[in-house]
Amino acid sequence: PTGCRDALQQVQDWAAARGYQIERPYRAYDEAVVAVAAGDFPVAPSAVEAGLAAALDSGNRDAEGWLAHPAGLVALWRGDGDEACAHADRLASGPGMPGGRLGRARALHVRGLVALVRDEPFAAVHPLLAAVDLVGDDGLAHPGAEPVLHDLVIALVAAGRTDEAEVHRARLAEQAGRLGLPRTDALASWADGVVAVARGDVDGGLSALSAAATLLEDLGLRPEAARCRLDEGRAARRVGLRARAARSLATARASFADMGAHGWATLAATDLERVAPGTTAGELTSTEVRVAALVAGGATNREVAGSAFMAVSTVEAHLTRIYRKLGIRSRTDLVRLVADDRLDLSGAVGADGAEAGHEQAEGGV
């Protein structure tokens with residue numbers, strides 16, 4: 001996205017220096033699309049508004065039609081599905097877009113994404129299929145022109161239509177293979193992973209999803225990266241890998257929340273709560289942090305009980321809650337979280353700390 005912004009700014013400066021006012025709304029469109037791709041949702045609406053103002057000033061109805069696309073995506077990511085659909089309607093029926101087919105395809109794509117963020121994959125399949133058909137009718141074989149194929153694969157798998165998903169996955173893989181571009185490779189790997197897990201290749205599928213999410217993160221495409229992490233977490237949850245699911249879902253939720261992608265953040269939080277009940281309700285309490293620190297340091301339950309002045313049964317109850325919140329199953333998982341710097345226990349009080357007596361009040365004896 002940074003490189004895109006620099007290049008687009010040069011184009012805008014070139015047009016402004018020559019007084020080409022008709023270019024202003026199109027350059028604002030470009031800026032809005034790049035901002036959405038990067039997850040800069042505070043920037044994107046300003047670019048849309050600037051583009052619409054410039055289009056009105058010049059009477060450019062064509063540009064108004066184009067700008068309905070990033071406007072719909074911004075509403076989608078901010079969690080307003082109804083507004084996103086309203087922009088999609090304007091995109092489908094308004095001016096702009098050569099022949100109107102690309103505009104309709106993008107409108108259908110937005111509607112399909114609205115259904116996905118509402119966790120309604122069956123409702124997402126029809127508009128996404130229609131969008132793919134329209135893009136194909138327009139002769140667009142570049143999966144980056146309107147990146148809808150991977151979303152269709154995701155929806156079909158979620159709807160239990162894996163055989164159909166395989167057809168579109170193979171199509172995307174073939175297109176991406178011809179191009180050799182990082183983003184299209186990531187989207188193809190994303191689709192590969194979703195289908196592979198659905199077909200029982202759990203290790204291969206999760207590996208593909210993780211690689212795709214990492215590549216999208218490296219490219220600065222934060223919204224797509226977070227969605228891919230969400231799918232990685234959901235796939236891990238379906239096959240019973242609760243610890244891995246919790247990590248991926250927590251990463252996705254944090255990324256969505258940081259971007260202000262409220263609808264997707266809610267979806268990730270819901271899935272995280274399913275795999276690790278209590279995780280989204282709050283962090284570890286001070287007592288749980290201390291117990292976790294002692295256990296991660298190698299103490300047995302009896303040793304923890306002696307250090308914290310509580311009964312062994314109370315230690316066991318705390319550990320049960322700790323494991324549930326962190327989405328793990330064992331002391332080994334806890335030690336690994338600390339070793340990998342995925343769990344901060346720096347707030348723990350030592351065995352001889354001043355707060356030792358307070359443990360009796362919280363945990364009992």
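Both backbone and side-chain heavy atoms feed into the values below; hydrogens, waters and symmetry mates do not. Computed from a predicted structure; not experimentally measured.
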Does the plane of the ring in Trp66 sit parallel, tilted or perpendicular to the ring in Tyr29? Use 30° and 60° as the thresholds. perpendicular

Tightest non-hydrogen contact, residues Val148 and Ala131, listed as CG2-CB, 4.0 Å

Side-chain heavy atoms of His150 within contact of Asp231, under 4.5 Å: no

Does Asp89 come within less than 4.0 Å of Arg111, counting only side-chain N to carboxylate O? yes

Measure the shortest side-chain to side-chain distance between Glu224 and Trp190 over non-hydrogen atoms and say whether it is less than 4.5 angstrom. yes

Would a 4.5 Å heavy-atom cut-off, applied to side chains only, mark Val295 and Ile322 as touching? no

What I want to find out is whether Arg227 reaches Asp151 closely enough, with some N-O distance under 4.0 Å, to be called a salt bridge. yes

Would you check if Asp62 and Tyr26 make a side-chain contact, meaning some heavy-atom pair closer than 4.5 Å? yes

Rounded distance (nearest 0.5 Å) linking atom CG of Leu91 with atom CD of Glu64: 12.5 Å

Among side-chain atoms of Thr214 and Arg229, is any donor-acceptor pair under 3.5 angstrom? yes

Mind checking whether Leu179 and Pro143 have side chains closer than 4.5 Å, heavy atoms only? yes

Could you tell me whether Asp82 and Arg118 make a salt bridge, using a distance below 4.0 angstrom between a side-chain N and a carboxylate O? yes

Does any non-hydrogen side-chain atom of Glu232 lie less than 4.5 Å from one of Cys228? no

Tell me yes or no: between the side chains of Arg90 and His87, is some donor less than 3.5 Å from an acceptor? yes

Does the Arg242 side chain pair with the main chain of Val275, one donor and one acceptor, at a distance under 3.5 Å? yes

Can you measure from CZ (Arg244) to CG (Leu206) and round to the nearest 0.5 angstrom? 4.5 Å

Do Glu83 and Arg78 have side chains that get closer than 4.5 Å, going by heavy atoms? no

Could you check whether atom NE2 of His126 has more than 12 heavy atoms from other residues, nucleotides or ligands sitting under 6.0 Å from it? no

SB check Asp119 Arg234 (cutoff 4.0 Å): yes

Glu174/Arg171 ion pair, N-O < 4.0 Å: no

With no hydrogens and no angle check, is any side-chain donor or acceptor of Thr251 less than 3.5 Å from a backbone partner on Arg247? yes

Measure the shortest side-chain to side-chain distance between Gln175 and Thr184 over non-hydrogen atoms and say whether it is less than 4.5 angstrom. no

